Protein chains: 2
Amino acid sequence: MTRTSPDIRVAVSTVIFTLRPAAGGAALSLPLVRRTRDPFEGRWALPGGWLDPDEGLDAAAARTLAETTGLAPNYLEQLYAFGDVDRSPSRVVSIIYWALLRHDLVDQQRAAHAAAGTAPENVQWFDADSLPELAFDHNAIVDYALWRLRNKVGYSRIAHGLLPDEFTLADLREVYESILSRKLDPANFRRQVEATGTLIPTDRFRTGSHRPARLYRYDGAVELAARGPISTPDSTNRNEER
Amino acid sequence: MTRTSPDIRVAVSTVIFTLRPAAGGAALSLPLVRRTRDPFEGRWALPGGWLDPDEGLDAAAARTLAETTGLAPNYLEQLYAFGDVDRSPSRVVSIIYWALLRHDLVDQQRAAHAAAGTAPENVQWFDADSLPELAFDHNAIVDYALWRLRNKVGYSRIAHGLLPDEFTLADLREVYESILSRKLDPANFRRQVEATGTLIPTDRFRTGSHRPARLYRYDGAVELAARGPISTPDSTNRNEER
DNA sequence: TCAAAAGTGTTCTGATTACACCCATGG
DNA sequence: CCATGGGTGTAATCAGAACACTTTTGA
């Protein structure tokens, strides 16, 4: 414990997903930032930045995400710390977070930034299953985040992080189907989510297509994902691998 | 992305468990190191050290664990990055690993170090469920590692990381019972682990008590735990050799 | 021969699956 | 009235839990 580590820098980046409406279901997509600096200039990279000496990791993830993309996530959780020696020309340890954002808020936040004249530069959304070659080891990082998302949707309620306050069971099912890339039986899906007891039926219905579908909302008192003994610092949840 | 992070240091520490034989089952225990320096001097802390600029995170965990305790784990996995501003007087981001070590190797490695005159100083083993007040936020970290271990034993084969090459089903069941702190039905346990197809029966038996029990070994080709698209760098993460 | 652990068989129950069927609305 | 998705019913299947029972050894 005598050595210090002076020439190692700590960065924080975030893989933030939303569910973009698309023909034949929805598509997972994420924002990337085009690099304007030396290593991998011109390549797309995850939004992020350097860790500030006076802020915690969670706060740094939220801050750098806001600074680079203008986005504020509905769900935020640490993913993994990547620190291979050769992952960057200089020595960088990257604490990676992954996050979820409701698509209606993507539009809303974009509109707000446009009105305020603070629209972020060099940001573009990509479909998660057809990414270009990214800077650093960011392709592998996105793969890992996708794996974690698909895993976690099976045993937690994180799907909520992609839905507005009120939604139909078909909406919720579409989130699952998009993430898992397979169809689910509507009848069984209904019974399963009803059995969890975390869905609260409203007396409102969505009309317009055919038979109106009841709108539900989530019980806000229930956590989005089972957490271990790690305390949740702020409103955006923090969680861990299963 | 303009700021650098000069006065943040990166440490790597490891929560390494073994299963100590005890009256009425086995007990999870872990080694701690008594601090001889300023912050929390005299308190027990997790083994660890500073990250070297020219080594990866996994390598740093293995190295600092060996330097402080003389131990080489059977299983090693990153747990979480802790980086709250106030977790240490100076700003330190700690990449925490958790690990498993077979108890017979604990004794073996200790004997080897004693013979070589390199016995580690200031190291002591503690029962995981009765720890003293540790330095920094290390109590919370151990709680988290225990939570992860108990979770993971339910859906992976990490129990193998605590057993020698050949073992009886009763040995394996005792590992599960110790970690989960509850008794398991021997009949159902047998069928469940047999159904996984990862256990290879040998033609040897352990005699001595009552009816001899067949010895099994694990299929070395199968990973100890599914870790998604993250590659396993070196042999410490892999299964034990045959 | 007896105690105790190894190992097998059987039943019960709850969760998951598959799918038939009815309901309500817009066009 | 009919196509379509919303919503209910039900039987088959599967995994896990509980526990009775047989086998094999040391003492």
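This structure is a prediction, so every number in the text was calculated from the model and none was measured.
Salt bridge status for E177(A) with K183(A): present, with a side-chain N to carboxylate O gap under 4.0 Å.
With hydrogens and angles ignored, the 3.5 Å screen pairs no side-chain donor or acceptor of N74(A) with any backbone N or O of A99(A). Distance alone, capped at 3.5 Å, is enough to place a donor-acceptor pair between the D171(B) side chain and the T168(B) backbone. Here the side chain of H138(A) pairs a donor or acceptor atom with the backbone of L46(A) at under 3.5 angstrom.
Going from atom CG of D165(A) over to atom OH of Y218(A) covers 12.5 Å, rounded to the nearest 0.5 Å. Between the CG atom of L199(B) and the NE2 atom of H160(B) there is a distance of 9.5 Å, given to the nearest 0.5 Å. To the nearest 0.5 Å, atoms NZ (K152(A)) and CD (E77(A)) are separated by 3.5 Å.
Side-chain N/O atoms of R157(A) and T196(A) include no donor and acceptor closer than 3.5 Å.
Contacts between residues 197-204 of chain B and DNA chain C, defined by a heavy-atom separation under 4.0 Å, are absent.
The nucleotide range of DNA chain D contacted by chain A, defined by atoms under 4.0 angstrom from heavy atoms of the protein and reported 5' to 3', is dA3(D) to dT10(D).
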- Between D185(A) and R191(A), is a salt bridge (charged side-chain N to carboxylate O under 4.0 Å, His left out) present by the stated rule, with each step listed? CA-CA 10 Å; D185(A) 185 305; R191(A) 274 182 294 252; 5.7 Å; no

- Note on the structure: With B for base contact, S for sugar-phosphate-only contact and - for none (protein heavy atoms under 4.0 Å), nucleotides 5-11 of chain C reads BBSBBB-

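Shortest non-hydrogen contact noted between A26(B) and S178(B) is O-OG, 3.3 Å.
Looking at which nucleotide of DNA chain C each of Q192(A) and T207(A) is closest to, the 5′-most match is held by Q192(A).
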